[in-house]
Amino acid sequence: MKELLRDALTDSLKSLKEQYDVDLSTIKIEVKENKEKDFGDFSTNLALVLSKKLSEQPKKIAEILLGELDKKEFIDRIDIAGPGFINFFLSQTSRTEILKTVNKEKNKFGFSQKKEFESDKILIEYVSSNPTGPLHVGHGRGAVFGSVLSSILRATGNQVDEEYYVNDQGRQVEILSLSVWLRYLMIFNQINLFPNNCYQGTYIEELAEELERDYGEKFSITKEIENQISQMLQLDMEEEALDGLISQSKEALNESFDEIKSFALNRILKNIEGDLKDFGVKHNSWFKESTMFRADKDKTPLIYKALDSLQAKKQLYEKDGALWFRSTDFGDEKDRVVKRENGATTYFASDIAYHANKYDRGYSKIINIWGADHHGYLPRVKAAMSALDEDTDKFEVVFIQFANLIRNGKKLSMSTRAGEFISLSELIEEVTSEAARFFYINRKGNQHLDFDLDLAKEQSKDNPLYYIQYAHARICSVFDKLEENKKSYKESIAIDSLDQLNSEQEIEIQKLLSQFPEVVIRSAANYEPHLICYYLRNLAGTFHSYYNNEKILVEKESTLQARLFLISAVRQVVFNGLTILGISAPKTM
RNA sequence: CUCCUCGUAGCUCAGUUGGAUUAGAGCAACUGCCUUCUAAGCAGUGGGUCGCAGGUUCGAGUCCUGCCGAGGAGGCCA
């Protein structure tokens, strides 16, 4: 409908151009929906925008435009109001068009295909938590956000890949391996002390037990090494001492250290993947940091390839024995180390190579979902991409704020350090996966979120998810009742009876339905999934109100069929919206 | 100290990319509505100097600057 109005305005703009001889090609025609029904269904501020360019009174321009606007059949009336707004009043038949559209497009309504441009190939990287422990509630919000955003971007006609970047390299993973091994040795009573800066969770002990079950005594040690290790062990160790212990362990175990490492990593990753699956989150690609260090088919490993090309562009220099990247030349606050004095590359170096690889894979958009605590990290990654002559406009990062869990009106405190965290799987078990998804996404991502556990479990109108799902169930139930009454729904009669739908609420519902495609597009363009939640809440509310006000199963056949047609469109749109959010639309509740 | 995100009703938050007498929801508070298609719901009432001060223009909750306040970030950690 908006399109039709815009087309009509474009035509009248052309003739205006002839009169004034001014270039109007840059003018953007905006057609807006009105909230106040006294002002009509739609309006445009075109005359106001033009007034400066033409140095003419807006009202006069509006009149000229209006004169040029042929009275289209879908328009009932056109007014000029206020300082120069042009208001359009739609005819009754054009309003009900939307119902036919929904009825025709069904599951596809609100989903668009891109015509003018080729669809974008988009990579979304999200979650990417370190594989050193199970996912906790802190990861939940980013997980749902990424998964719903992917779904929204697909709904608007793009091809989307969802990727998890696995940091299976570096110190944290070595501490993990060490932690598992030490717990394992404790099973054999070879040591009896566990350092505080090793990983504390009970899952480490479980991994150690599994290790013992699968490998028996394979990783136990001689008395001599036992003494060496015990001597180094302290409850409170310096970080350096811990590194010493890691090298000592590597020496004692040789290749077996890597065996423990990959055992622990695989178990934890499997666990993470399972938790995500239970949460309705599925990545189709798992990119391991370690793959960038492999020299496949005599090719230079990706990490060195990236560093070499920075080197070739003279963006690296040596200082204090380390290798630095001139990120300040590209707007970063200070230069960053890519290779340490000890020869090891940094995490940042991996990230440079990883992001360069994303570009190499030919994506037209590269989106990262990061926790808000990483925001200081963005300038250096951007700097690196600029230095490599990549188009940084393709690269976008969405920062997600942390969520507080609220129970009995009080914040739950969490400390990762002491292993006191609520795991994601515990949360899902408590409130169900769907409620968790909805509550995480029901807020702008860059906003702090209070997640009220009690509310998420509540089955009443206060819980927006139940309220929305209930609208769907209610409509289904009306159709069930219809059959019980030995009546049936006949679309052909309905389509001929749409003139029955002209109460205020019926018009309001049709307006809302026609907004759905725009809401999806807007939430895709701005990366704002919460808009869909708010939209559905709104639609459900309008329906519940209508339901209470007007009996649907009435005697008069034309009215009955028309109302059924209307609510079945509502049901379809609620269903489509929930589908995008990855949430089910139950038939009964 | 520098940089990010933010500040809207008692609480939790929206606000269609700068639009129209009257800035919207939901909680919470008060008042009504079940012999009826699900009351798991609906209708109504009260509640605001959009943090403060300037600026940009026909027009600002929305854009710019400066203050005030909240949270976060600034490692040869990942």
Side-chain angles (χ1 to χ4, degrees), chain A residues 30 32-36 38-39 43-45 48-49 51-52 57-58 81-85 87 129-130 132 167 169-173 175 239 289 319-324 332-334 336-342 344-348 350-351 371-380 399 401-402 406 409 442-450 452 455 458-464 466-467 469-471 473-482 484-485 515 518-519 522 525-526 530-531 533-535 537-538 540-541 543-554 563-564 567 588-589:
Chain A
E30 281 184 51
K32 250 186 87 163
E33 215 152 327
N34 286 334
K35 345 178 200 182
E36 202 64 45
D38 294 346
F39 295 139
S43 69
T44 180
N45 60 355
L48 290 161
V49 177
S51 78
K52 198 166 198 181
Q57 293 280 326
F85 290 98
N87 291 329
S129 95
N130 279 341
T132 50
N167 295 122
Q169 198 86 355
R171 185 161 178 267
Q172 295 306 320
V173 181
I175 297 176
E239 293 298 316
E289 185 183 2
K319 195 182 93 184
D320 305 333
L323 196 57
W324 297 68
D332 198 8
E333 298 175 330
K334 50 185 284 192
R336 309 290 173 175
V337 170
V338 289
K339 197 188 231 173
R340 283 183 279 248
E341 201 177 350
N342 67 12
T345 53
T346 58
Y347 172 84
F348 176 48
S350 293
D351 240 0
D373 55 334
H374 282 69
H375 98 263
Y377 198 73
L378 178 58
R380 72 190 80 166
F399 292 101
Q401 289 287 347
F402 299 116
I406 311 284
N442 187 31
R443 201 113 297 173
K444 233 197 262 175
N446 59 11
Q447 203 88 342
H448 290 272
L449 166 68
D450 285 334
D452 188 331
L455 182 60
E458 202 165 305
Q459 309 208 343
S460 76
K461 74 186 173 75
D462 299 350
N463 177 340
Y466 273 87
Y467 187 77
Q469 290 182 316
Y470 181 44
R474 242 183 176 174
I475 295 171
C476 291
S477 140
V478 171
F479 279 91
D480 288 346
K481 197 77 186 177
L482 181 76
E484 274 177 40
N485 292 356
Q515 284 169 16
E518 294 165 35
V519 171
R522 200 148 51 87
N526 300 344
H530 74 282
L531 294 176
C533 299
Y534 278 88
Y535 170 81
R537 174 71 183 67
N538 205 327
F543 165 74
H544 284 308
S545 170
Y546 175 62
Y547 175 93
N548 245 265
N549 211 292
E550 210 81 69
K551 197 168 160 65
I552 290 155
L553 299 181
V554 290
R563 286 184 181 169
L564 289 173
I567 65 169
T588 58
M589 288 175 78

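Convention: sequence-line order gives letters A, B, ...; per-chain numbering from 1.
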- prompt: Separation of A:Y377 atom OH from B:G72 atom C1', in whole Å?
  reply: 18 Å
- prompt: Does a donor on one side chain and an acceptor on the other come within less than 3.5 Å for A:E289 and A:S350?
  reply: yes
query: Nearest-Å distance, CG (A:N538) to P (B:G15)?
result: 13 Å
message: Starting the side chain at C-beta, find the nucleotide from B:C37, B:C3, B:A78 nearest to A:T346.
response: B:A78
query: Does the side chain of A:K444 reach to within under 4.5 Å of the side chain of A:H530, using non-hydrogen atoms?
result: yes
query: In whole Å, what separates the C1' atom of B:G66 from that of B:U22?
result: 33 Å
message: I'd like to know if A:S43 reaches the base of B:A20 with its side chain such that a donor and an acceptor end up less than 3.5 angstrom apart.
response: yes
field: Separation of A:M589 CE from A:C476 SG (nearest 0.5 Å)
entry: 11.0 Å
message: Taking the minimum atom-to-atom distance to the side chain of A:R522, which one of B:C13, B:U16, B:A43 wins?
response: B:U16
field: Whole-angstrom distance between B:G51 and B:A60, as gauged at atom P
entry: 15 Å
message: A side-chain contact here means heavy atoms from C-beta on lying under 4.5 Å apart; do A:T44 and A:F85 qualify?
response: no
statement: In whole angstroms, the gap separating P of B:A25 from CG of A:L531 amounts to 18 Å
task: Would you classify A:A344 as touching base, sugar-phosphate or nothing, given that sugar-phosphate means primed atoms plus P, OP1 and OP2, and contacts are heavy atoms under 4.0 Å?
output: nothing
- prompt: Counting any heavy atom closer than 4.0 Å, what does A:K444 reach on the DNA or RNA strands: base, sugar-phosphate only, or nothing?
  reply: sugar-phosphate
field: Exam field: side chain A:N130 to backbone A:T132, donor-acceptor pair closer than 3.5 Å
entry: no
task: Have a look at A:T132 and say if it touches a base, only the backbone sugar-phosphate, or nothing, with a 4.0 Å heavy-atom cut-off.
output: nothing
task: Taking syn as within 90° of 0 and anti otherwise, name the glycosidic form of B:C34.
output: syn
- prompt: Can you check whether A:K32 has a side-chain N or O nearer than 4.0 Å to OP1 or OP2 of B:G18?
  reply: no
- prompt: Does B:C6 pair with anything, Watson-Crick or G-U wobble, both distances under 3.5 Å, and if so, with which nucleotide?
  reply: B:G69
- prompt: With both distances under 3.5 Å as the test, what is the Watson-Crick or G-U wobble partner of B:U57?
  reply: none
task: Select base, sugar-phosphate, or nothing to describe what A:E550 touches, counting heavy atoms under 4.0 Å on all strands.
output: base
query: Taking atom P in both B:G32 and B:G24, what distance in whole Å separates the two?
result: 27 Å
- request: Just call it for A:L378: base, sugar-phosphate, or nothing, with non-hydrogen atoms closer than 4.0 Å on any strand.
  value: nothing
message: At less than 3.5 Å, do the side-chain atoms of A:D462 and the base atoms of B:G26 form a donor-acceptor pair?
response: no
query: Can you check whether A:Y467 has a side-chain N or O nearer than 4.0 Å to OP1 or OP2 of B:C42?
result: yes
message: Can you tell whether the side chains of A:K319 and A:E341 come within less than 4.0 Å, N to carboxylate O?
response: no
- prompt: Taking any strand in view, what nucleotide pairs with B:A43 in a Watson-Crick or G-U wobble way, both distances under 3.5 Å?
  reply: B:U31
field: Donor-acceptor pair present, A:N442 side chain and B:A14 base, under 3.5 Å
entry: no
field: Whole angstrom value for the distance that separates C1' of B:C27 from CG of A:N463
entry: 12 Å
message: Quick one, A:V338 and A:T345 - any side-chain contact, counting heavy atoms below 4.5 Å?
response: no
- request: Could you work out the separation of B:G48 and B:A25 based on their P atoms and round it to a whole Å?
  value: 15 Å
- request: Examine B:G74: is either OP1 or OP2 under 4.0 Å from a nitrogen or oxygen in the side chain of A:R380? Give yes or no.
  value: no
message: Using atom P in both nucleotides, what's the gap between B:C63 and B:A14 to the nearest angstrom?
response: 15 Å
- request: Please check the phosphate of B:A78 (OP1 and OP2 only) for any side-chain N or O of A:R340 closer than 4.0 Å.
  value: yes
- prompt: Can you tell me the Watson-Crick or wobble partner of B:G75, both distances under 3.5 angstrom?
  reply: none
- prompt: Expressed as a whole number of Å, how far does the C1' atom of B:U16 sit from that of B:G10?
  reply: 29 Å
- prompt: So what does A:A322 hit on the nucleic acid, given a heavy-atom distance under 4.0 Å: a base, only sugar-phosphate, or nothing?
  reply: base
- prompt: Looking across every strand, which nucleic acid part, if any, lies under 4.0 Å from A:D320 by heavy atom: base, sugar-phosphate, or nothing?
  reply: base
- request: For A:Q459, answer base if it contacts any base atom (sugar-phosphate contacts may also be present), sugar-phosphate if it contacts only those atoms, and nothing otherwise; contact means non-hydrogen atoms under 4.0 Å.
  value: base
message: Ring-plane angle category for A:F399 and A:H375, please: parallel below 30°, perpendicular beyond 60°, tilted otherwise.
response: perpendicular
statement: From the candidates B:C13, B:A78, B:G74, the one with an atom nearest any side-chain atom of A:Y347 is B:A78
message: Heavy atoms only, 4.0 Å cut-off, all strands: where does A:H530 land among base, sugar-phosphate and nothing?
response: sugar-phosphate
- request: Please work out which of the three classes, parallel, tilted or perpendicular, describes the rings of A:Y547 and A:F543, given edges at 30° and 60°.
  value: tilted
- prompt: Which whole number of Å gives the distance between the C1' atom of B:G74 and that of B:G18?
  reply: 35 Å
- request: Have a look at A:Y547 and say if it touches a base, only the backbone sugar-phosphate, or nothing, with a 4.0 Å heavy-atom cut-off.
  value: base
Atom pair distance, as rounded to whole Å: CG in A:D450 and C1' in B:C6: 14 Å
- prompt: Which sits closer to the 5' end of RNA chain B, A:G170 or A:D373, going by the nucleotide each is nearest to?
  reply: A:D373
statement: In whole angstroms, the gap separating C1' of B:C13 from CG of A:D452 amounts to 14 Å
query: Base, sugar-phosphate, or nothing for A:S477, non-hydrogen atoms under 4.0 angstrom?
result: base
- prompt: Could you state the CZ-P distance from A:R537 to B:C27, rounded to the nearest angstrom?
  reply: 7 Å
- line: Contacts of A:L449 and A:M589 projected onto RNA chain B by closest heavy atom; the upstream (5') one is A:L449
- prompt: If the P atom of B:G75 is compared with that of B:U57, how far apart are they to the nearest Å?
  reply: 42 Å
message: Do A:F479 and A:I475 have side chains that approach each other closer than 4.5 Å (heavy atoms only, starting at C-beta)?
response: yes
message: Need one value for A:H375: base, sugar-phosphate or nothing, where a base atom within 4.0 Å counts as base even if backbone is also close, heavy atoms only.
response: base
message: Partner lookup for B:C50, please. Criteria are Watson-Crick or G-U wobble with both distances under 3.5 angstrom; report none if nothing qualifies.
response: none
field: Pair partner, B:G24 [Watson-Crick or wobble, under 3.5 Å]
entry: B:C13
- prompt: A:Y466 near the nucleic acid: base, sugar-phosphate alone, or nothing, with a heavy-atom cut-off under 4.0 Å?
  reply: nothing
Interatomic distance, A:H544 NE2 vs B:G26 P [rounded to whole Å]: 12 Å
- request: Look at A:R474 and B:A39 and indicate whether a side-chain polar atom (N or O) is within less than 4.0 Å of OP1 or OP2.
  value: yes
- prompt: Which nucleotide sits closest to the side chain of A:K334: B:C37, B:C76, B:C13?
  reply: B:C76
